[in-house]
Amino acid sequence: MSNSIGHNLLHQNLLPSIVLEHQSKINSSCIAGNTLFQAQATSLIRNSPLLSEFRGRSLCVRKKKLAMGKHSSASGFPQAVLVTDPASELAGRFNLDGNTELQIDVRPPTSGSVSQVDIQVTNSGDGLFLHWGALQNRKEKWVLPTRRPDGTKVYKNKALRSPFVKSGSNSFLRIEIDDPAIQAIEFLIFDEARDRWFKNNGENFNIKLSFRERTIPNVSSVPEDLVQIQAYLRWERRGKQMYTPEQEKVEYEAARSELLEEVARGTSIQDLRARLTKKNNASDAREPLLSQTNSKIPDDLVQIQSYIRWEKAGKPNYSQDQQLREFEEARKELQIELEKGTSLDEIRKKIVTGEIKTKVAKQLEKKNYVTVQRIQRKKRDLLQVVSKYASRPVEEKVPTKPQALSAIALFAKEKAEQGVGPVLNKKIFKLADGELLVYIAKTNGKTKIHLATDLKEPVTLHWALSKRPGEWLAPPPSMLPPGSVSLDKASETQFSPSSFEGPTRKVQSLEIEIEDGFVGMPFVLLSGGNWIKNKGSDFYVEFSVGSELVKKDDGDGRGTAKALLDKIADMESEAQKSFMHRFNIAADLMEEANNAGELGLAGILVWMRFMATRQLIWNKNYNVKPREISKAQDRLTDLLQNIYGGHPEHRELLRMLMSTIGRGGEGDVGQRIRDEILVIQRKNDCKGGMMEEWHQKLHNNTSPDDVVICQALIDYIKSDFDISVYWKTLDDNGITKERLLSYDRAIHSEPNFRRDQKDGLLRDLGSYMRTLKAVHSGADLESAIANCMGYRSEGQGFMVGVQVNPVSGLPSGFPELLQFVLEHVEDKNVEALLEGLLEARQEIRPLLFKPNIRLKDLLFLDIALDSTVRTAIERGYEELNSAKPEKIMYFITLVLENLALSSVDNEDLIYCLKGWNQALSMSKTGDRNWALFAKSVLDRTRLALASKAESYHQLLQPSADYLGSRLGVDQWAVNIFTEEIIRAGSAASLSSLLNRLDPILRKTANLGSWQVISPVEAIGYVVVVDELLSVQNKSYGQPTILIAKSVKGEEEIPDGTVAVLTPDMPDVLSHVSVRARNSKVCFATCFDPTILAEFQANEGKLLCLKPTSADIQYSEVKETDLTGSTNLKEDGPSSSVTLVRKQFGGKYAISSEEFTSEMVGAKSRNIAYLKGKVPSWVGIPTSVALPFGVFEKVLSHHLNQVVAERLQFLKNKLGGGEFSVLGEIRKTVLELAAPPQLVEELKSKMQSSGMPWPGDEGQQRWEQAWMAIKKVWASKWNERAYFSTRKVKLDHDCLCMAVLVQEIINADYAFVIHTTNPSSGDASEIYTEVVKGLGETLVGAYPGRALSFTCKKNDLDSPQVLGYPSKPIGLFIRRSIIFRSDSNGEDLEGYAGAGLYDSVPMDEEEKVVLDYSSDRLINDGNFCKSILSSIARAGHAIEELYGSPQDIEGVVRDGKIYVVQTRPQM
């Protein structure tokens, strides 16, 4: 029999490759199985007759309980291996959590030495301890070695607890063992800071000490058959784990060592054999017992039981050996049932349900069990997926007439005006027939609670106090207001009529004084014989200052469709009656929302999300039929479908709206919710109790809660009627007991079924779940597929008596592709599933942009596919724990593709995707810079995600704030509104994957955790800020180390700052970077969030920073160490440097030959000096200038008398400290008129110099040029420049502005050179940054990094790329003129004013989203080397010309180098 088994299992006829009609091929591949125990395993199952057909596709992924699990000791990253002593050996590596890894190295003892165990935890936090002991002679009880690491403490006389030593982001510990009797150490790792234990699959880590050096007397070997048996027994003791080939070898040799030790202690080979074979014989003896009865178990039952086991395990891929073991385990389980007295008929009835039998039958028909199916994805041009629709929100004018306040709002306003004390909490709750105010203030040291309501009936407050949030404690008698009644754990107090009267309604109020010691107050109201709660739960208010529950003011509604939101708020009481009312109201408002554009649709989305997250009441005293709800849904989604077709710019918002609302459907689709629950009750004899209460609730008003209730019932039944499972499912999905009781038809009872009802209920509730999801869930995959593919059912189960036709025009093979997705939707190995989901989305995508009467069905299918990608990737995180970086990058491409398919403006995302594909290609071809390039793509992808999050926040949060305030939504729900929207999409999954990959890329590319831009030692107090921009004009009174989360590049560094540390990535040659170096301020980017968090945790402490070129070491110091610190000197120019006011020289325009220090600044003079002196292959643009004094001359012209008077008035206010007028001054300068003489002189100089005159193209072109000139002059009063001169006490009135006029070279690339490396100070090395397009993206505050490289001056043909570009935007322009600022305040000794003032092109630059994958500078090595070498040569030539380090700006056009300006490097 065994021969036939082996033959059949491997026979090719049972392993067919499968080709879907979707023009795709399924790869036939399997994970290799174990080999070590193959012979033994085969012997164990040899006598069991197996069906050759059961070879499930099902059994193709590693089963969780047979795998090593989360802490796999096999690493996928060769570069992560630590450099250790050559004599040591790697004992194991385990993934503890995300990026945190554990590595153990063991150094075996030599003569006279000790065993050393080196333990390292990477990317760890502080406070790690090793909880450990040692093992002797196989005894399980720990012994405590006497030789212990420093700081070790004895824990309860049972274990040792040794602290790890922190170094950077890693933690280390060395254990030394000098007792030869100790054979192993066992340990756990305890993270004290997070109160968390790390274990090895729930057990202790066990590290055997090496025996290689131990002397085994007179024994050289033991028989191999005994070693094999010992290895098998070890494997069996460890739970039959799944081993890698390397682990198998280790285990095999460990078994040999154990036997050798026994022999060394005097055990003979014969005794060993007797012991081992006895155990083995005992096992063999048991086998015949099974085999004797195995024939009683029909093979089809074994087949089904195996399928059930596989399905419960998550449908993993199994190797052939694992499949054999699974068959045997299934057979054993059935055998045990037989031995308990269960008959075969009972077993068959128990496991052969119709659904499972059908599934197994399908698997047997396919006979594709061993294959791992993967679709062959079509090759597509990603540019065909690019979508550039830009939304144009309709700016709504906020009415000047304020909306009339309600009586309660007026009451609250009066309390605030009375100044009753600091407000601890203020909240207005929306009630069914009115409002309730809770206003808590601190008055004379006591907490006073003011309550008021405009309910018509008398109101009683049923209240208590809490020492812990939410608990009910009876208030002390001393705190009870007069007339109160004490109850058990509560009190009741009557509201009294208030003297305050609102415009339309009277107010009842109540005041309570609370003593210290309580944190909040729970309460409910009683009015008209009815209990009033807060959306089904108790009211609860906190007393703490600064509580997040304190309501924001309504504000003016700016940035929202305010009129629409006000209508929504006014109609909310009507919408609360039922979903039918809410959906119909929303449908009535859709035309107005659409007319309001993006803001209107955002308002509807916010409203619907508040509903979906249960922040609004779903049903209130209104009986509505399910068919009426689904009809209202259908009406609303039809309208959304129509808007989707006509407004492509709004499609992303509309997708979110539709997924929030659900599908709906007229007629039977909704009515079946009512009908089928009756069928379930009748067929399964469960008409009373909880099922009847749920039935009444469903008849009264079905809601998305019913999907959760149905799932809770299914989970409860599957758990063998464990009621805690029922409550857990409900609780996990936000449904509490209180919520069940709050329904108009409350659910009081718990489910209570009989065991004989189990199979029928599971079958019928499973079908009913599909019915519920068909109405309520917009993202349910199975129902969405059924809706598009069509279905018809006339008998029983899903959609009885309903027929839906397939959507027309679906791609060929699309049904087979969706079937593939459904078959793999629960796979633990999600890669093939993700590919199938994305292929389905790509296939359906063209249909989403064409008119189709069933468009919304296609949309709901696409939404469901999108949602399934997100859940699948989250399920797949575990398999990435030990994955190689290439696999993580591949997962990133899949999630990024999914995000791009769901985004309206996705051009940047598509180019990121192309970048990842290029990085994968570079890695596969062995390009040594693949990790460096991948890091740049990672940085750009993060910028894209940040930009998307910011756009969501700007669009949605104002509406959430305003509408949330109007509707009384909990403030915490308002605050996290946009954050939760982002978390619900692919962006959150993508961000998580990027965080996994980042440290791996940095390590591979040798980037380290820091980029030190200005390496200056510093001592200062740590201050954490969100943005450097927000504090740039501040002066710190003590030396300060700023930890700034955001640094864009154009900021000033505040006075008193000695260091700026940031996770942001400004260019090394950005303005703020140059400022830091000039001011001798330490400036660095930190890439490691753990390290940055350590710095932030030191806020307020005095630290000493000691930077190197690639790292920053820090230590806490005492205040006495501040004395003599080198970075505490006064900033600013030396006393000998002054700003000299320049006079008008009589000319409005001059040529470059006339450039002198009295006429123009250093920028103009330097460019004129270069002409004719640099090598011929370096181009210098032609230049003219408007010299010093022209601005003042123009201002004094009679044409500009009014402007001059206005400007002087504003300057006087500025001198008085009114800095807010700076913007008005700039606007005033732009009103200047051009004297005719200026126009004539400038035209003459430009034409005689060979430059085009703008006026030749018409008067409008001259007006554009004149406006650009005025913008340069106006930049004298920009905030950054003004405060910079003020900070260093330069006379701002003496600052004069010349304007350098140059023709713009339409650049392919722009660059900035520093001929001495600014980060290291190495004068032998040139440092350069290069961007695509114009240089404004490099010198301005454009996000992302430039390409950076260095080049040794003695080897200019060998540029070394340090980093690839991540800037998403490039600037390009038509042939034009640029007007550059050239002030007398630039390049002063001791003060660098360069970059403070604006250079303005006559024409607006075009912003282009960059595709680096097609850029020759990135993918053509020879071209890159040629261009970078030429840039370096130009920089070196100019430095030699001046004889000093230079800061040079230039461009590349068609391979030619142009230099547009140079200045001394500061």
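None of these values were measured; they are calculated from a predicted model. Numbering of residues begins at 1 and proceeds along the displayed sequence.
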Lys/Arg N to Asp/Glu carboxylate O, Arg377 vs Glu897, below 4.0 Å: yes
Backbone N/O of Met1065 and side chain of Arg1345: donor-acceptor pair under 3.5 Å: yes
Contacts of type ring-ring contact (aromatic ring centres under 6.0 Å, His included), residue Tyr1412, not counting sequence neighbours: none
Rounded distance (nearest 0.5 Å) linking atom CG of Asn1006 with atom CG of Leu1001: 12.0 Å
Residues which pass side-chain hydrogen bond (donor to acceptor under 3.5 Å, both in side chains) with Glu886, listed by chain and number, not counting sequence neighbours: Ser923
Heavy-atom check, side chain of Phe164 versus side chain of Leu130, under 4.5 Å: yes
Lys887 atom NZ, over 12 foreign heavy atoms within 6.0 Å: yes
Cation over ring face, Arg196 and Phe190, 6.0 Å, 45°: no
Distance-only donor-acceptor check, side chains Asp105 and Gln103, under 3.5 Å: yes
Residue pair Leu833 / Phe820, side-chain heavy-atom distance below 4.5 Å: no
Candidate pair Thr1004 and Ile1000, rule side chain to side chain contact (heavy atoms under 4.5 Å, CB included), full reasoning: CA-CA 6 Å; Thr1004 306; Ile1000 300 170; 4.2 Å; yes
Check: Asn917 main-chain N/O paired with Ser921 side-chain donor or acceptor under 3.5 Å: no
Lys935 to Phe1087, cation-pi by 6.0 Å centre distance and 45° axis angle: yes
Between Glu835 and Tyr890, a side-chain donor and acceptor under 3.5 Å: yes
Qualifying residue, where the test is side-chain contact (heavy atoms from CB on, under 4.5 Å) with Ile892 and the options are Leu993, Leu913, Leu938, Leu920: Leu993
Spacing of CG belonging to Leu909 relative to CZ belonging to Arg940, to within rounding of 0.5 Å: 9.5 Å
Derivation of the side chain to side chain contact (heavy atoms under 4.5 Å, CB included) call for Phe187 and Ile175: CA-CA 11 Å; Phe187 63 87; Ile175 303 290; over 6 Å; no
Reported OG-to-CG distance for the pair Ser1009 and Asp998, which is rounded to 0.5 angstrom: 9.5 Å
Set of residues satisfying ring-ring contact (aromatic ring centres under 6.0 Å, His included) with respect to Tyr155, sequence neighbours excluded: His131
With Asn898 via side-chain hydrogen bond (donor to acceptor under 3.5 Å, both in side chains) - residues at least two apart: Arg841, Asp866, Ser986
Residues Leu173, Ser162; criterion side chain to side chain contact (heavy atoms under 4.5 Å, CB included); working and verdict: CA-CA 8 Å; Leu173 181 63; Ser162 303; 3.9 Å; yes
Charged N-O contact under 4.0 Å between Glu839 and Lys378: no
Distance-only donor-acceptor check, side chains Thr941 and Trp916, under 3.5 Å: yes
Side chain to side chain contact (heavy atoms under 4.5 Å, CB included) partners of Asn995, counting only residues at least two apart: Arg942, Ser991
Contacts of Arg174 that satisfy salt bridge (Lys or Arg N to Asp or Glu O under 4.0 Å) - sequence neighbours left out: Asp118
Arg983/Glu979 salt bridge by N-O under 4.0 Å criterion: yes
Point-to-point distance, once rounded to the nearest 0.5 Å, from OG of Ser1413 to CD of Gln918: 5.5 Å
Spatial distance of atom CG (Leu233) from atom CD (Glu258) [nearest 0.5 Å]: 10.0 Å
Under 3.5 Å side-chain donor-acceptor pair for Glu186 and Trp132: no
Spatial distance of atom CG (Asn206) from atom CG (Leu135) [nearest 0.5 Å]: 6.0 Å
Aromatic centroids of Phe1095 and Trp1010 separated by under 6.0 Å: yes
